[in-house]
Amino acid sequence: MAHWLVKELTDLGATDIELKELGIQEDTKDLQLPPIVVARYGNDPAKKNILIYGHYDVQPAQLEDGWNTDPFTLVEKDDALYGRGATDDKGPVICWLNILQAHNELKLDIPVNLVFCFEGMEESGSLGLEGLIEKEKDAYFKGIDAVCISDNYWLGTKQPVLTYGVRGCNYYSITIEGPAADLHSGLFGGVVHEPMIDLSHLFAKLVTPSGEILIPGIQDMVATLTPEEDALYDSINFDLEGFEGNIGSKTVIHDNVKSALQARWRYPSLSIHGVEGAFYGSGAKTVIPAKVIGKFSIRTVPDIESAKLDEIVIKYVEDEFAKLGSKNKLKAELIHDGNYWVSNPHNWSFRAAARATKKVWGVDPDYTREGGSIPITLSFQDILKTSVILLPVGRGDDGAHSTNEKINVPNYIEGTKTLGSYLHYLAEEEKDA
Ligand code: BES
Ligand code: MN
Ligand code: MN
C-alpha cells in the first residue's frame, strides 16, 4: 500500500514524496514497521498549508468470518463498494487522491498547499507516528495551518456530520500461566488451579453486563457533565432505531438516545476482546489450557489521566487476582494507549467544512464526537500547535472492523466533493486568532 500510494501520488503530480522508515517494531526481533508516506501538493508561500492524514492499514479479514465476498477484492453491489478498508480508511484516502486527479483534469487550482501523511500502523496504535511528527514539526510539517482527518463515520445513514472529539483507548492484557502444558480435564480437573477459571473471575470483576466499570477510581476522573454540554445532545438527528440499525439488533443498554450517545462519546467504557490460548474451536475438547492471555481495553475521555489509569487498572487486576488464592502466575500489562481529543467545533476549519457540507449535501451538518479512537489526533494538535477536524465520508452502518465492510457510492462521490470543497472554503475562511 505504501508503494502503491507513492506511485499514485507521483502520477498525480505530488512532490517531495518520501517513505519515512520507522525501523524495527519494539519487542520484536526483525519486524519492520510499515513506512509513513509523506508528500506535498503545492508549495505556494501565499497559501495556507493543510495537513491531510489517513491510514492505509486495515483490520484483518477472512472470508470465513462471514463475508459475502472476498474481503480483499473490491466488489460493487447495490450502489455500495464492499471490501476491507472500504470505509476504514482506504476509501477516504482514495477520496483525497481523486481530488488531486479531478483538479488536474479540470485544470483547477487547489487554493491551499497540501501535506499528506498516510500511515500504516493506525490500527495498532500508530506506532512511530508521534515520533515522526515530533521530529518533523519544524521540517516537513512546518507551518501547518490545519489538519484534516477523514477516518470516522456519520452517526447514521442520512445526516452528514463534522466531528470534534474522539475517545482515547488504553489496551491491556492479563496473562495467566499455570501448568507447563495443556492438560486433560479428566485427569487434572479439580486438581490444578486453572488459568481460564482465574481469568473468567477477573473478567467478571472488570465490568457489569450493563457496562458499568467496576474498577474504582476511574469514574472520579471523568469531567462532570454540565447542563450546556448535556443540551448539545438534544439537537442531534439520531434515534435509538438508528443505533439498532447500526448494530443489526435490539441490544442497546440504554432506553433513550441521549444516554446512549453520552455513553458512546463522553463516558469511559470497558470492553473485553478475547482470549489467546483458550480453546475456541468447535466441538467439545476436554482441555485445561495451560496459559491464557485475556485482552480488554478502556475507552478514555476528559479528564482521565492515562498513566494514572494504567496504574489503577494494573493494581486492581493484581489485587483481585491475589484474592482468588490461585497458585498460578499473573502478569497484567498495557499493550498500547492513545489519547482522547475534544476540540472547538466552531473554528475556521469547522466553518469551512460546514460550508462544504451545505454546498454538497444541501443540509447543515450535525456536530458529533466519536466513541472510537484515532490516537494521533491529539498529537497533531499539540505538537504542530494547530487545529484538527474530523470530516467523515462513510456512514454509521458501514461495518468498520466488521464483516462486509462497505462504503456507499453516494458517500464516496459526494464525500469526495465535500473534502474537495472544504479545501476551497478553507482558503476563503479567515483563520481564527
Ligand atoms: N477509524 C477508526 C477510528 C474510529 C472508530 C472513528 C470508530 C470513529 C468511530 C480507527 O481506524 C480505529 O479503528 N482506531 C482504533 C484505535 C485503537 C487501535 C487505539 C480503535 O478505535 O479501536
Ligand atoms: Mn480508521
Ligand atoms: Mn479502524
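Residue numbers count from 1 along this sequence. Note that ligands are numbered from 1 as they come in the structure, with each ligand's atoms numbered from 1 the same way. The structure displayed is predicted, hence computed values, not measured ones.
Considering backbone and side-chain atoms alike, Tyr153 places an N or O below 3.5 Å from some N or O of ligand 1. Some N or O of His401 is nearer than 3.5 Å to an N or O of ligand 1, by distance alone. Between His55 and ligand 1, at least one N/O pair is under 3.5 Å apart.
Nearest to atom 18 (C) of ligand 1 among the protein's heavy atoms is Glu123 O, 3.4 Å. Among all non-hydrogen protein atoms, the one lying nearest atom 7 (C) of ligand 1 is Gly372 CA, 3.6 Å. Of the protein's non-hydrogen atoms, the one nearest atom 11 (O) of ligand 1 is Glu122 OE1, 2.7 Å. Scanning the protein for heavy atoms near atom 9 (C) of ligand 1, the closest one is Glu370 OE1, 3.1 Å. In this structure, atom 16 (C) of ligand 1 lies nearest to the protein heavy atom Ser373 O, 3.4 Å. Scanning all protein heavy atoms for the shortest distance to atom 17 (C) of ligand 1 gives His336 CE1, 4.2 Å.
Within the coordination shell of the Mn ion (ligand 3), defined by N, O or S atoms under 2.8 Å, His55 is absent. For the Mn ion (ligand 3), the N/O/S atoms of Glu122 include none lying under 2.8 Å. Backbone or side-chain N, O or S atoms of Asp88 reach the Mn ion (ligand 2) at under 2.8 Å.
For the pair Glu405 (side chain) and Gly85 (backbone), a donor-acceptor distance under 3.5 Å is present. In this structure, Asn347 contributes its side chain and Ser349 its backbone to a donor-acceptor pair below 3.5 Å. With Arg351 contributing its side chain and His346 its backbone, the two residues share a donor-acceptor pair below 3.5 Å. Proximity of a side-chain donor or acceptor of Arg299 to a complementary backbone N or O of Trp265 within less than 3.5 Å is not detected. Within the 3.5 Å criterion, the main-chain N or O of Asn113 finds no donor-acceptor partner in the side chain of Asn49. Looking at Asp89, its side chain never comes within 3.5 Å of a backbone N or O of Gly54 through a donor-acceptor pair. In this structure, Arg167 contributes its side chain and Arg264 its backbone to a donor-acceptor pair below 3.5 Å.
Set against the non-hydrogen atoms of Arg299, the atoms of ligand 1 under 4.0 Å away are 20 (C), 21 (O), 22 (O). Counting the atoms of ligand 1 from 1 in the order shown, those under 4.0 Å from a heavy atom of Ile374 are 3 (C).
Applying the 6.0 Å contact sphere to NZ of Lys291 captures no more than 12 heavy atoms from other residues, nucleotides or ligands. Heavy atoms from other residues, nucleotides or ligands lying under 6.0 Å from NZ of Lys359 number 12 at most.
Only the side chain of Pro375 comes within 4.0 Å of ligand 1, counting heavy atoms alone; its backbone N, CA, C and O stay farther away. Of all the heavy atoms of Asp151, the ones lying under 4.0 Å from any atom of ligand 1 are found in both the backbone and the side chain.
Here the rule is side-chain contact (heavy atoms from CB on, under 4.5 Å) with Lys417, and of Ile99, Asn98, Val360 only Val360 fits it.
Ring geometry for Trp361 versus Trp154: interplanar angle over 60°, hence perpendicular rather than tilted (30 to 60°). Ring-plane geometry between Phe141 and Phe380 is classed as perpendicular, the angle between the planes exceeding 60 degrees on a 0 to 90 degree scale with a lower cut at 30.
The closest approach between a heavy atom of Asp88 and any atom of ligand 1 is below 4.0 Å.
Of all the N, O or S atoms in Asp151, the one closest to the Mn ion (ligand 2) is OD1.
The OE1 atom of Glu123, the Mn ion (ligand 3) and the NE2 atom of His401 define an angle of 80° (nearest 10 degrees).
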